[in-house]
Amino acid sequence: MRFSEYLLATLKEAPKDAETLSHKLMIRAGMIRKIAAGIYNFLPIGLKVFRKVENIIREEMNNSGAVEVMMPFVTPSDLWIKSGRWDLYGKELLRLKDRADREFCLGPTHEEVVTDLVDREVKSYRNLPLTVYQIQPKFRDEIRPRFGVMRAREFVMKDAYSFDLNEESADKSYSKMFDAYKRIFERCGLRFRAVEADSGNIGGSFSHEFMVLAETGEDVIMVCDDCDYAANIETAPVIFRQKDLNSKQHEKNRGAGKDMPENKIEKISTPSCISVKDVSNFLGVNITKIVKTMVLSTNEGLEAVLIRGDHELSLTKYKKHRGLDFAELAMDDEIAKINTVKGFTGPVNLGIKIFADNELKNMTSYVTGGNEKDFHLLNVNHDKDFNIEDFMDCRQTVDGDECPGYPEYTLKSTRGIEVGHVFKLGTKYSESMNAVFTDRDGKDTNFYMGCYGIGVGRVVAAAVEQHNDKNGIKLPFSISPFEVLIIPTDIKNEKVITYANDLYEKIKLESYDVAIDDRAESAGVKFKDSELIGVPYCIVVGPKSLEKNMVEIKDRRTSNKIEISKDDFSGLLDFINGK
RNA sequence: CGGGGUGUAGCGCAGCUGGUAGCGCACCUGUUUUGGGAACAGGGGGUCGGAGGUUCGAGCCCUCUCACCCCGACCA
C-alpha cells in the first residue's frame, strides 16, 4: 500500500471526550471515528487490524470444526416472542417496525435465530454434534456506551453456537471452544486469564469469561498468582472458616467493638447515619462489627440478607444459593411497607424471612439498624434476638481471601476487559423454542446447546490498551496494521525513491503486508506516524545512508535498529523475521 | 433513569461588563526545505448546536429543545 494513495487519518490531538488510552490512541492513529454515541466508523488502519483479528478468529473456529454461517442483523419479533425474550429484554433491544407495521429488532445476540435455523435443518442425532458461528454486527442499546469501541452499541461479535445430543457431548464441544479461545488470544498477543463466571440460572453448568488484564477494565476479577485460579468477583466462592466463639481470642473481640458485655440489646440514637461508614464513624465501632441488612425483592417476595459491614453482597451468588430466578434490591416503597426505614433496616422484629452470609456465624453482639429512623441497635445476636433461616456464601470475595485451589494461597483483585465468554446453555432455548432432533430411539429430544462469543472490536481495543508507549501503539506482528513500512525520507531524491520503490515491490513479492510512505511529508512526520499506528518494522531509506550503500531497519517494539547493506535483502528479511 | 458538565472552523481552545468572531494545529497556493510532527509569504474555511424571547444591538442575558460527555444507579 502506498500512503500517497491511502487514507491515513492521524491526529496530533485526540478529541476531548476520549477517555481511555486505547480510545485516544485509536482515534489519534486514525483507526476509528465516532459517528453517534456508541457507533463508529472503522477507517482503513482500524479495519486492517480488525480484519487480522477477525481472520485469526475465523481460522481457529474453522480449525476446531465450527462452520460459518451468516444470520440477519434485523430479526423478526416472533422468534423473540417464542423464546420469551421479547418481553424479558428491556430497552437494550432496539425495536423497529417495517412498512406493514410488523415488529423487528436489531439482533443483540442470535440464540433465537440460530436455534430456529438448526431446528429447521437438523432432524437426526446422526448430524450432531454441530457448531456454527457467525462474525457480524450486533446492536445493544447500552445505557452508557463508553471507551470507544470497547463498549459500543453497534459492535461486531463472533458468536458460535454448539448443538449436542446431551450434556456429556456438549462438554466436549465446550472444551473445544475453550481451547480455540486460548489459541485465538495467544495469537493476538494478549495477556489474559480464563475466569470462572456466572453460569446464570442453568443449574450445574459452567461458564468462563476470557479477560484481558488491564487497569481500565470494567470487570473486577479475583486471581491467584500462585496457581491458575481466576474468577469474577461476583461469583468467586469464599472459603469459610468457622471460628471458635468461645475462645479467649474471640472473647476479647465481642461486644460491638466497645468492650460491652454481651447482654441486652441497647437502642442508640444515630441521627442521619445511613451508610455503614456513617454508623461506624458516629459510634466509633469497627465496621466489621456492624451488620448490614439488605432487603431484596425476589420472585418469592421480600426477604432480607445479612452481610458483615465491610463486605459486599453478591446478588449472583445469593440468587444461585437460594435458587431464585429473580432478585434485586427492594425499592423504597417496598421497604416502607414492611415497617422499617431505609438506612436503618435491621433483623430484629423484621417481618420477613432472613438469610445471612456465612460470616455471620462468626459474629456476636453486633450493631444493626433499629427499623426506626435515626436509631441503631447494639449487642444484637442471632438465635437470641431473631432467627436466621439459612446461612450461605453470598458475599463478594475481597483481597486476601483464601484461594479455592489451595488453602495456603490467597486471592488478589485485578481488573479485566471481557473479550470472550464461553457458556453452556443447556436446553434453555431448545425447550422454549421447541427445537428438537430425533434420537437413537426415535424420540424427539431437545438440543443441548452452548454459546461462545468474542467481541472483535473489543479485542482490538484491548490489544491497543495492552500494547502502547508514549509514541503510540505497538501492536504484535500478528495484528499490526502493516508488517513492514518503508520510509523514503526524501521523495525528491531519485536514488532514494527508486531504491525504496524497488524494495517495496520485492518485499511485497515475499508476501509481507508492506506499505511505503511516499507522501511529500518531512521525515519527522513519517517517523511519528509510523510509531503512532504501530507498524512493527520500519525500513528507513535516506540519502545519507544510501550514499554508504546502507539502509536502516527499526523494530518498533524493542527499539532495536540496525544498519544493513542495501543489497543484503535476505539479511533484511531475517531481521523482520526476528532472527 | 437520577445528578453534574460541555456545545464557538476538521481537532484543541480563547472570546471581559452585550457592540458585528479569534489563536494554535490541520487545510490550500508559492518558494526554500527534507533523519524526528520544517521556515517564510499569501489564502480559504463559522447561520457561535437548534428554536423562541429580551434589547437599538446577543457567541455572551432568559426560556425551551437537541446532541455529546462525566458520575451514579450495590443504598440499607
Side-chain angles (χ1 to χ4, degrees), chain A residues 8-20 23-24 27-28 30 33-39 90-91 141-148 220 233-234 270 272-279 290-297 304-307 309 311-318 327-332 334-336 338 340-347 350 367-373 376 394-396 471-472 487-493 496-497 517 519-532 538-547 550-552 554 561 563:
Chain A
L8 193 72
T10 53
L11 256 32
K12 273 192 196 171
E13 281 175 287
K16 192 79 186 163
D17 54 20
E19 261 306 288
T20 55
H23 187 190
K24 281 183 184 144
I27 288 171
R28 286 226 295 131
R33 289 287 188 270
K34 186 170 73 177
I35 147 160
I39 299 176
K91 287 191 167 175
D141 202 354
E142 296 274 356
I143 298 170
R144 193 142 86 88
R146 55 185 132 173
F147 307 146
V220 179
I233 193 165
E234 274 294 310
T270 50
S272 304
C273 291
I274 292 175
S275 72
V276 170
K277 242 187 205 156
D278 295 339
V279 176
I290 300 172
V291 166
K292 298 198 272 203
T293 307
M294 300 168 87
V295 179
L296 302 178
S297 172
V305 54
L306 307 183
I307 298 279
H311 289 151
E312 294 297 330
L313 174 68
S314 162
L315 260 181
T316 311
K317 291 203 293 188
Y318 185 76
E328 60 175 32
L329 291 168
M331 297 291 164
D332 293 12
E334 290 176 296
I335 293 175
I338 54 168
T340 183
V341 185
K342 184 179 163 176
F344 300 93
T345 317
L350 192 65
V367 179
T368 73
N371 291 328
E372 190 179 325
K373 187 166 165 42
H376 276 77
C394 61
R395 73 163 170 94
Q396 286 182 359
N471 294 317
I487 298 183
T489 58
D490 180 0
I491 61 159
K492 285 192 184 140
N493 183 309
V496 167
I497 197 70
D517 192 348
R519 293 174 300 167
E521 290 287 352
S522 70
V525 171
K526 296 182 183 185
F527 293 145
K528 289 288 183 192
D529 276 346
S530 78
E531 281 155 355
L532 180 56
C538 256
I539 302 173
V540 183
V541 182
K544 281 175 201 153
S545 44
L546 214 53
E547 285 294 310
M550 303 294 262
V551 291
E552 186 183 298
K554 296 196 289 193
K561 57 181 170 185
E563 276 211 315

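These figures come from a predicted structure and were not determined experimentally. Chain A is the first sequence line, chain B the second, and so forth, proteins listed ahead of strands; every chain is numbered from 1.
Considering only side-chain atoms of A/Glu531, the nucleotide from B/A76, B/U34, B/G36 that sits closest is B/G36. The side chain of A/Glu552 approaches B/G35 more closely than any other nucleotide in the set B/C25, B/G35, B/U33. Comparing B/G37, B/C74, B/U34 by their closest approach to the side chain of A/Lys528 singles out B/G37. Between B/A76, B/C70, B/C74, one nucleotide has an atom nearer to the side chain of A/Val276 than all others, and that is B/A76. Checking B/C25, B/G35, B/C74 against the side-chain heavy atoms of A/Glu312 singles out B/C74 as nearest. Residue A/Lys292 has its side chain nearest to B/A76 when only B/A76, B/A26, B/U34 are considered. Of the candidate nucleotides B/C74, B/A26, B/G35, B/C74 has the atom nearest to the side chain of A/Leu329. Checked against B/U33, B/G35, B/G36, the side chain of A/Ser545 finds its nearest nucleotide in B/G35. In the set B/G37, B/A38, B/C68, B/C68 carries the atom at the smallest distance from any side-chain atom of A/Lys34. When distances are taken from the side chain of A/Thr489 to each of B/G35, B/C70, B/A26, the shortest belongs to B/G35.
Of all nucleotides present, none satisfies the Watson-Crick or G-U wobble test against B/A58 with each distance under 3.5 Å. Here B/C16 sits opposite no nucleotide as a Watson-Crick or G-U wobble pair (both hydrogen-bonding atom distances under 3.5 Å). Figure legend. B/G10 is base-paired to B/C25; pairs are counted as Watson-Crick or G-U wobble with both atom distances under 3.5 Å. Summarising the base pairing, B/U34 is matched to no nucleotide, lacking a Watson-Crick or G-U wobble pair whose two defining distances lie under 3.5 Å. Nucleotide B/G72 is matched to B/C1 when pairs are restricted to Watson-Crick or G-U wobble geometry with both distances under 3.5 angstrom. Across all strands shown, B/C64 forms a Watson-Crick or G-U wobble pair with B/G50, both key distances being under 3.5 Å.
Side-chain atoms of A/Leu546 and A/Val551, non-hydrogen and from C-beta on, do get closer than 4.5 Å to each other. A/Val541 has its side chain out of reach of A/Thr489: every pair of non-hydrogen atoms, C-beta onward, lies at least 4.5 Å apart. Counting heavy atoms from C-beta on, the side chains of A/Glu521 and A/Leu8 never come closer than 4.5 Å.
Side chain A/Lys526 to base B/U34: no donor-acceptor pair is found below 3.5 Å. Side-chain to base pairing of A/Lys554 with B/G36: one donor and one acceptor N or O lie within less than 3.5 Å of each other. A/Asp529 contributes a side-chain N or O that forms a donor-acceptor pair with the base of B/G37 under 3.5 Å.
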Anything under 3.5 Å between a protein N or O and an N or O of nucleotides 9-11 of chain B, put it in a table, one pair a line.
residue, atom, partner, partner atom, Å
B/C11, O2', A/Glu13, O, 3.4

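Put simply, A/Ser522 has a side-chain N or O that comes within less than 4.0 Å of OP1 or OP2 on B/A38.
A/Gly542 comes within 4.0 angstrom of a base, heavy atoms only. Within 4.0 Å of A/Arg28, counting heavy atoms only, lies at least one base atom of the nucleic acid.
For A/Lys317 (side chain) and A/Arg395 (main-chain N/O), a donor-acceptor pair under 3.5 Å exists by modelled atom type. Within the 3.5 Å criterion, the main-chain N or O of A/Phe344 finds no donor-acceptor partner in the side chain of A/Lys373.
Rounded to whole Å, atom C1' of B/C74 lies 12 Å from atom CD of A/Glu328. What separates CZ of A/Phe147 from P of B/C70 is a distance of 7 Å, to the nearest Å. One interatomic measurement links the two molecules: CG of A/Asp141 to P of B/C1, which rounds to 11 Å at whole-angstrom precision. In this structure, A/Ile491 atom CD1 and B/U34 atom C1' are separated by 10 Å, rounded to whole Å. Summarising the geometry, the separation between CZ on A/Arg146 and C1' on B/C68 is reported as 15 Å, rounded to the nearest angstrom. Between the CZ atom of A/Phe527 and the C1' atom of B/G37 there is a distance of 12 Å, given to the nearest Å. We find that CG of A/Leu315 is positioned 13 Å from P of B/A73, with the value rounded to whole Å. Taking atom NZ of residue A/Lys317 and atom C1' of nucleotide B/C74, one finds them 15 Å apart after rounding to whole Å.
Using atom C1' as the reference point in both B/U65 and B/A9, the two lie 25 Å apart (nearest Å). Across B/G52 and B/C60, the matching P atoms stand 14 Å from one another, rounded to whole Å. Between B/U29 and B/C70, the two C1' atoms lie 43 Å apart (nearest whole Å). Nucleotides B/C69 and B/C75 have their P atoms positioned 24 Å apart, rounded to a whole Å. Straight-line distance between the C1' atoms of B/A73 and B/C27: roughly 45 Å, to the nearest whole Å.
Between A/Leu350 atom CG and A/Thr340 atom OG1 the span is 6.0 Å, to the nearest 0.5 Å.
Taking a cutoff of 4.0 Å between a charged side-chain nitrogen and a carboxylate oxygen, A/Asp490 and A/Lys492 do not qualify as a salt bridge.
Residue A/Val305 comes nearest to A/Leu296 through the heavy atom pair CG1-CD1, 3.7 Å, listed as atom of the first residue, atom of the second, then distance.
Each of A/Lys292, A/Met294, A/Gln396 was evaluated against A/Leu313; a single residue qualifies, A/Met294, per the side chain to side chain contact (heavy atoms under 4.5 Å, CB included) test. For the salt bridge (charged side-chain N to carboxylate O under 4.0 Å, His left out) with A/Asp529, the lone residue among A/Arg28, A/Arg519, A/Lys12 that qualifies is A/Arg519.
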